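Every chain is numbered from 1 and lettered A, B, ... according to where its sequence line falls, protein lines coming before strand lines. These numbers come from a predicted model, not from an experiment.
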Number of protein chains: 2
Amino acid sequence: MPNPSAHRKRDRYHYGDLRAALIGAAIELMGERGVRNFSLAEVSRRLGVAVSAPYAHFAERDDLLAAVAVQAYQLFYAALAPAIEQFSDPADRLAGMARSYVRFASAHRPLFELLYTAGLDKSRYPEIEAAEQPLVAAFLDCVHALCDGNEALSHDLATAVEADAHGHAMALLYGDFGQGDIAVEEAADRAARATLALVAGRQLLRSSPPPA
Amino acid sequence: MPNPSAHRKRDRYHYGDLRAALIGAAIELMGERGVRNFSLAEVSRRLGVAVSAPYAHFAERDDLLAAVAVQAYQLFYAALAPAIEQFSDPADRLAGMARSYVRFASAHRPLFELLYTAGLDKSRYPEIEAAEQPLVAAFLDCVHALCDGNEALSHDLATAVEADAHGHAMALLYGDFGQGDIAVEEAADRAARATLALVAGRQLLRSSPPPA
DNA sequence: GTCTATACCCGGATAGAC
DNA sequence: GTCTATCCGGGTATAGAC
């Protein structure tokens, strides 16, 4: 009796959930060839289904990518959640989130690239923005304690910390941090420390504008 | 007597410098359709030359992109130079560079995207790295005065400031800063202020690692 | 829901004439 | 150095059978 989970990819077959299989295979393919070389046809081939099969689930190519993006944000948020819960000190919590942010970019590089460098037209897909929302809110929430109810400052600090985490992630993926686990942890460390520096100097985020 | 500069694009013609024209048209095309939808064929069409003509100057498609990237880094550096010269105070100078960094990303978006989100295989093009060098050095140089000759701290601060500037630029291009000149200046302002906060808290960049 | 088959378009790249 | 012509491969998307 053949175990369903043991089906080889090349078996042409009815999937219980082709939609989910497409999403999974899309992630895998993006990981191998980069987001820019992703194609619906290749995904179909890998699953052993006809190139037309996906159109029963997604009206067009980008709709599949959008579905992947939604899942990516959920995973992203889940990756940050432990840091949020782990630290009671607000500064440490923010630093932990920055660290997790960089780690996520490395551990799920194709997803991260899909979200930020793939040029998906997010305005066409409100569900992506909705999926991003909890992540932004997480930064904002945990920053409040540091800002004594000052909403403007909270927003400034949240933006700065996100930019910091994002910038370190980009530097890791595309810059000169090198590769390997050591590089990841170094970048994550730097992001965490820079976060602490931003927190320490946060009053300057609202000071009079620096010279033009 | 026809003015050469008045030639319409569609005139088929011998260019004095097709190579330069290709680079210019490539930038224009990337601006309209995004880097990912750039094609050599379309560039040729716009210049009114045969699709095979570019191959007299570039062995393959990506070689043209690499040439554009080199020019982009030169322009990028030129955009930062005024800020470097304008400020004598090291902190203000860094802040000014961060501000110019964000402005450049907005003013030359296609070039910025080519450099950082196009996935060009830079390792294949040493000339790109060479062109990037002055920019990295500029950050490093102007950070030294703030770090009392501490090389390690200089490197940390330079990395943090670059990540900060880059992160704000990405937030402006892809995030929720909105559009328009106001958004640009707001993002640039935030990047500058965050830089000052990083400078103020710079000793924390070398402190004991924050909790994992 | 998935198949087969196909129409269509486009880009990269090369050969050989001028 | 540029042209014309062409080959090749690949992707998107649709029609219609099962």
Side-chain angles (χ1 to χ4, degrees), chain A residues 4 7-30 32-68 110 114 118-121 124-125, chain B residues 4 7-30 32-68 110 114 118-121 124-125:
Chain A
H7 280 151
R8 309 239 7 236
K9 285 178 183 177
R10 280 298 161 193
D11 294 5
R12 65 193 188 65
Y13 214 65
H14 290 221
Y15 285 83
D17 192 350
L18 178 57
R19 190 192 145 92
L22 286 167
I23 291 176
I27 293 173
E28 198 176 321
L29 178 59
M30 290 188 307
E32 289 173 33
R33 312 218 291 208
V35 182
R36 60 183 21 72
N37 294 321
F38 162 85
S39 88
L40 216 44
E42 175 65 18
V43 167
S44 303
R45 252 174 258 126
R46 293 189 174 205
L47 290 175
V49 301
V51 293
S52 61
Y55 291 91
H57 301 274
F58 301 99
E60 54 179 274
R61 178 203 128 104
D62 278 11
D63 289 9
L64 170 55
L65 289 182
V68 176
L114 171 63
L120 233 190
D121 186 0
R124 279 187 55 198
Y125 300 100
Chain B
H7 279 151
R8 309 232 13 226
K9 284 179 183 175
R10 279 298 161 192
D11 295 4
R12 62 193 189 63
Y13 210 67
H14 290 223
Y15 284 84
D17 192 349
L18 178 57
R19 191 191 142 92
L22 286 166
I23 292 177
I27 293 173
E28 198 176 322
L29 178 59
M30 289 188 307
E32 289 174 32
R33 312 217 293 207
V35 183
R36 84 193 68 271
N37 293 322
F38 162 85
S39 89
L40 215 44
E42 175 65 17
V43 167
S44 303
R45 252 175 258 128
R46 294 189 174 206
L47 290 175
V49 301
V51 294
S52 60
Y55 290 92
H57 301 274
F58 301 98
E60 54 180 274
R61 177 202 129 106
D62 279 11
D63 289 9
L64 170 54
L65 289 182
V68 176
L114 171 64
L120 234 189
D121 186 359
R124 277 188 56 198
Y125 300 99

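Residue contacts for A:Ala56: at a heavy-atom cut-off of 4.0 Å it reaches a base atom on one of the strands shown. Residue-level contact check: A:Ala53 touches the backbone only, with heavy atoms under 4.0 Å from sugar-phosphate atoms and none from bases. Residue contacts shown for A:Arg36 are absent, as no nucleic acid heavy atom lies under 4.0 Å away.
Look at CG on B:Leu47: it is 13 Å from C1' on D:dT2, rounded to the nearest Å. Atom CG of B:Leu64 and atom P of C:dG11 are 14 Å apart (whole Å). With rounding to whole Å, A:Arg61 atom CZ is found 14 Å from C:dC10 atom C1'. Nucleotide D:dG11 holds its P atom 15 Å from the CG atom of B:Asn37, rounded to whole Å. Atom-to-atom, CZ of A:Phe58 to P of D:dT14 comes out at 16 Å; the value is rounded to the nearest Å. The distance from atom CG of B:Asp17 to atom P of D:dT2 is 9 Å, rounded to the nearest whole Å. The OH-C1' distance, from B:Tyr55 to C:dG11, rounds to 8 Å in whole Å. Taking atom CD of residue A:Glu60 and atom C1' of nucleotide D:dT12, one finds them 10 Å apart after rounding to whole Å.
Considering every non-hydrogen atom in both B:Leu114 and B:Val35, the closest pair reads N-CG2, 3.9 Å. For B:Ala53 against B:Leu18, the heavy-atom pair with the smallest separation is CB-CD2, 4.0 Å.
The side-chain heavy atoms of B:Leu40 and B:Val51, taken from C-beta on, include no pair separated by under 4.5 Å.
Between A:Arg45 and D:dG10 there is no side-chain polar atom (N or O) within less than 4.0 angstrom of OP1 or OP2. Phosphate proximity of C:dG11 to B:Arg33: present, with a side-chain N or O under 4.0 Å from OP1 or OP2.
Comparing D:dT4, D:dG11, D:dT12 by their closest approach to the side chain of B:Ala50 singles out D:dT4. Relative to the side chain of A:His57, the nucleotides C:dG12, D:dT12, C:dG1 differ in distance, and C:dG1 lies closest.
Here salt bridge (Lys or Arg N to Asp or Glu O under 4.0 Å) pairs that include residues 47-56 of chain A, with residues two or more places apart or in two chains, number zero.
Partners of A:Asn37 by side chain to side chain contact (heavy atoms under 4.5 Å, CB included), not counting sequence neighbours, listed by chain and number: A:Arg33.
Remark on DNA chain D: of its neighbouring residues B:Leu18 and B:Val51, the 5'-side contact belongs to B:Leu18, judged by nearest-heavy-atom nucleotide.
Side-chain atoms of B:Ser52 stay outside donor-acceptor range of the base of D:dT2, with no qualifying N/O pair under 3.5 Å.
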